[in-house]
Protein chains: 2
Amino acid sequence: MRMQKEIQNKYKTRSETMKALAHPTRLFIVDFLADGEKCVCEIVEQVGVDISTISKHLSVMKNAGLVEYEKRGLNVFYKLVCPCVSELFICLENIKKL
Amino acid sequence: MRMQKEIQNKYKTRSETMKALAHPTRLFIVDFLADGEKCVCEIVEQVGVDISTISKHLSVMKNAGLVEYEKRGLNVFYKLVCPCVSELFICLENIKKL
DNA sequence: TATCTAGTTGGCTAATTTGCCAAGTAGTAA
DNA sequence: TTACTACTTGGCAAATTAGCCAACTAGATA
C-alpha cells in the first residue's frame, strides 16, 4: 500500500476538497447555504467581512466543486452542489466526540 | 444566524479538524492507521519522506485530537482516536459524486 | 560506561493562504 | 449617454504551512 503516484493523486484530490472546507468562514457559508441559495451580499451581511474576501472564498469553494452559482439581474446566487456536505459535519462531530 | 463570536468559535473548531486533514500525506496516514496502530518508521517507509516531516504531520494530527500515541521500547505507535474518521471519506466521495 | 536506534524539535527557506484596498466588469436605471 | 449597484480580480503585505537538515532526547544494548 506504499504511497505511489496514483495513490498520491487520490489523496491530493481528497485534500483539495478538505482544504476548501478548512476555513471558519467557508464552513459558515456551507451551513448558511444549506438553507438554500443566497446572493453574495446576503453572505457578506452575515459574515461581516469585506465583499472581496467573501468573493474569493466563494471562488475557492467553486473551484473545489462545492458550490455553483447563477447570475440573475445584478445578483449572483450561490448554492451547494450537494447539500450532503452538511453530513460531513455530523461525521466530524462524531470524530471529536470520543 | 449572523456570524457572532460563539458561532465563530464553532466554525473555528471545525476548521481546525479539517485543516489537520487537509494534506495528502496526512490523509494517507489516516487510511494507513485505519488498518491498526503503526510506529513512525512504518509510516515513513510507506510515505517516503523525511522522518522529521512525518513526525511533524503526526504532531499536527495529535493536536487536532485525531490520533494518539504510545511509546513502547524504542518505537512510538500511533493510532486513530476514532477509526470513524474513515467514514468522513465516504461523505467526501458522495459530495464529489454529483 | 559508551553507543546505537527511533523520534522529536529548532531553524531555515520556499510556497501558500488570507484579507484588505483599489481598480475593473457587467447588468440596471435614469 | 451617464451613473449606480453587485460583484470579481489584481496587487500587496502579513501570517501560516511544508519540508529539509542538523541537533537533541529517551530508551535499548554492549
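Just the heavy atoms: all of them, side chains too, but no hydrogens, waters or symmetry mates, feed the values below. Convention: sequence-line order gives letters A, B, ...; per-chain numbering from 1.
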For the side chain of [X], starting at C-beta, report the closest nucleotide among [options].
{"X": "A/Thr53", "options": "D/dG19, C/dC20, C/dT8", "value": "C/dC20"}
{"X": "B/Lys19", "options": "D/dT17, D/dT8, C/dC21", "value": "D/dT17"}
{"X": "B/Lys56", "options": "C/dG19, D/dT8, C/dT9", "value": "C/dT9"}
{"X": "A/Ser55", "options": "C/dG7, D/dT8, D/dA6", "value": "D/dT8"}
{"X": "A/Arg26", "options": "C/dG27, C/dT18, C/dT17", "value": "C/dT18"}
{"X": "B/Leu74", "options": "D/dG27, D/dC7, C/dT8", "value": "D/dG27"}

What's the [atom1]-[atom2] distance between [X] and [N], to the nearest Å?
{"X": "A/Asp50", "N": "C/dA23", "atom1": "CG", "atom2": "P", "value": "14 Å"}
{"X": "B/Ile51", "N": "D/dT25", "atom1": "CD1", "atom2": "C1'", "value": "13 Å"}
{"X": "A/Leu58", "N": "D/dA6", "atom1": "CG", "atom2": "C1'", "value": "13 Å"}
{"X": "B/Lys71", "N": "C/dT8", "atom1": "NZ", "atom2": "C1'", "value": "9 Å"}
{"X": "B/Phe28", "N": "D/dA18", "atom1": "CZ", "atom2": "P", "value": "17 Å"}
{"X": "B/Leu21", "N": "D/dT17", "atom1": "CG", "atom2": "C1'", "value": "16 Å"}
{"X": "A/Ile29", "N": "C/dT18", "atom1": "CD1", "atom2": "P", "value": "12 Å"}
{"X": "A/Ile54", "N": "C/dC20", "atom1": "CD1", "atom2": "P", "value": "9 Å"}

Just wondering, do B/Arg14 and A/Phe89 contact through their side chains at under 4.5 Å, heavy atoms? yes

Does a side-chain heavy-atom distance below 4.5 Å link B/Val67 with B/Leu33? yes

Below 4.0 Å: OP1/OP2 of D/dT5 and any side-chain N or O of A/Asn75: no

Compare side-chain N and O positions of A/His57 against OP1 and OP2 of C/dT17 and report whether any pair is under 4.0 Å apart. no

Using only atom types and a distance under 3.5 Å, with no angle test, would you say the side chain of B/Ser15 pairs donor to acceptor with the backbone of B/Lys12? yes

Is a side-chain donor or acceptor of B/Ser55 paired with a backbone partner of B/Ile51 at a separation under 3.5 angstrom? no

Under-3.5 Å donor-acceptor pair between A/Ser52 side chain and C/dC21 base: yes

For A/Phe77, which contact category applies under a 4.0 Å heavy-atom criterion: base, sugar-phosphate, or nothing? nothing

Using a cut-off of 4.0 Å on non-hydrogen atoms, how would the nucleic acid contact of B/Tyr78 be classed: base, sugar-phosphate, or nothing? sugar-phosphate

Where along residues 34-42 of chain A does a heavy atom come under 4.0 Å from DNA chain D, residue by residue in number order? A/Cys39, A/Val40, A/Cys41

Is the charged tip of A/Lys38 near the ring of A/Phe32: under 6.0 Å from the six-membered ring centre and within 45° of its axis? yes

Nearest-0.5 Å distance, CZ of residue B/Arg26 to CE of residue A/Met18: 10.0 Å

Is it the case that more than 12 heavy atoms not belonging to B/Tyr69 sit under 6.0 Å from its OH atom? no

Between B/Glu68 and B/Val81 the two heavy atoms that sit nearest each other are N-CG2, 3.9 Å

